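Inspection log for the structure reproduced underneath, given as structure tokens.
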Amino acid sequence: MNTSITKPPVQENINLSPYNTLRVEAKADQFITISEPSQLLAIYNKDFFKKYSPVILGGGSNVLIKSDLKQPVLKISIPGIEIIHERDKEILIKSGAGVTWHDFVSFCVEKGFGGIENLALIPGTVGAAPIQNIGAYGVELKDTFHSLKAFLPETGEERVFSINECDFGYRDSIFKKSLKGKVIITEVTLRLQKPPHTIEDSYYALQEYFQSNGIKSPTIKDVFNAVVEIRESKLPNPELIGNAGSFFKNPIVEVSVYQKLKQQYPSIPSFEAGAGKIKIPAGWLIEQAGWKGKKVGNVGTYKNQALVLVNHGGATGEEIYEHAMKIRESVKEKFGVELDPEVNVIS
Ligand SMILES: Cc1cc2nc3c(=O)[nH]c(=O)nc-3n(C[C@H](O)[C@H](O)[C@H](O)COP(=O)(O)OP(=O)(O)OC[C@H]3O[C@@H](n4cnc5c(N)ncnc54)[C@H](O)[C@@H]3O)c2cc1C
């Protein structure tokens, strides 16, 4: 770690609405921007982490801020992309945690480095990507993940985590479980492919796109363009309407539970999810429970995708949370299936 100690800038009484994509108007007593790892050491030396449990914030695209925050907010804005080494077939590339994920993907695709093109246009920062092992269109971060560097607020040390130490799962990692709130990711390194690339185009939406655009052998740039176009047509843009993407995870149930549901609801969609397990799309369950496009006060579900909760303007964090819990209860009542939030609830 760079040992030159620089204090990070602290702002007071900050409206967090520009810093969370649900556009909740909560306030933070203290808002501290971290633009280099040594600033974490600087505040550690002032006993900061012993006194407070700060909220770590990246792009705010996977959080629901329920109320005003008395604890300080650490906004991770560490920049920089660097190629660590290049071999014939692969490349190791690292990025500062504050780099915007989509900018990083665009950079890699432009340079001809393959592996994350399917993850284009996922909002947020590189540093948050390992937290829930972001995934889309048949690819997850773990497929190209090499390692990450993190600051440990309990000891003030820096630690490198290899892929085996991250315990990645479906929208999950050790950083959402036993190490929740115990690491601040400062840098992420990926192992990407140089040409010839392996193209992941098994998703129906991608195949349909390539067919209708006459693309027979898609390149990583074609996949990138396809994903951007499909996502723009399907998901609400947080710049236009407040949302945090999928609010709940797709529930994974025992085959026996699924079979009972299938008898009652023959059209229930499903995906294999490992031995004896079936994943059911949460959006379908929520839609069948009557919530798709429904607006209650300032909150609702998106008209094209019931899994996305939207802030129609002026919704408080509490209001969004209560709405989410009502959806959860009604899905439990109708199907007996428990929905777990994918979004991180902060209060
Ligand atoms: C329209 C839309 C579409 C989306 N689509 C997808 C999708 O297809 N697939 C997918 O997986 N996700 C998707 N998401 C969710 C979201 O984009 C990802 O989870 C993203 O990785 C969150 O990044 P962020 O920087 O905004 O994290 P934040 O929302 O700021 O934080 C998320 C969590 O990570 C923690 N955190 C953030 N940065 C750090 C850090 N440096 N160190 C330690 N902890 C940290 C926070 O404390 C919080 O618990 C979508 C969201 C939106 C709004």
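Numbers here simply count residues along the sequence, with the first being 1. In listed order, ligands and their atoms are each counted from 1. Keep in mind it's a predicted model, so treat the numbers as computed, not measured. Computation of the quantities below employed the complete heavy-atom set of this structure, encompassing side-chain atoms and omitting hydrogens, waters and symmetry-equivalent molecules.
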* Asked: Below 4.0 Å from any atom of ligand 1, is there a heavy atom belonging to R171?
  -> yes
* To do: Establish, from distance only, whether the side-chain atoms of S38 and E36 form a donor-acceptor pair under 3.5 Å.
  => yes
* To do: Measure the distances from the heavy atoms of K180 to every atom of ligand 1 and state whether one is below 4.0 angstrom.
  => no
* To do: Could you tell me whether K75 sits above the aromatic face of Y19, with NZ or CZ closer than 6.0 angstrom to the six-membered ring centre and within 45 degrees of the axis?
  => no
* Closest by any non-hydrogen atom to atom 34 (O) of ligand 1: pick that one out of T186, I131, V343. => I131
* From the candidates P123, G58, G124, G135, the one that places a heavy atom nearest atom 17 (O) of ligand 1 -> P123
* Asked: Are side-chain N/O atoms of S106 and D103 paired as donor and acceptor at under 3.5 Å?
  -> no
* **pair V227-E117: side-chain heavy atoms closer than 4.5 Å** => no
* **Distance-only side-chain donor-acceptor flag, N225 / Y209, under 3.5 Å** => no
* Asked: Among V310, L64, I56, V63, which one has a heavy atom closest to atom 47 (O) of ligand 1?
  -> I56
* To do: Check the angle between the aromatic planes of H323 and W291 and answer parallel, tilted or perpendicular using the 30° and 60° thresholds.
  => perpendicular
* Can P236 be said to touch ligand 1, with heavy atoms closer than 4.0 Å? -> yes
* Is N133 in polar range of ligand 1, meaning some N or O pair under 3.5 Å apart? -> no
* Asked: So which bit of N237 gets within less than 4.0 Å of ligand 1, heavy atoms only: side chain, backbone, both or neither?
  -> neither
* With a 4.0 Å heavy-atom cut-off (strictly under), which part of I185 contacts ligand 1: side chain, backbone, both or neither? -> both
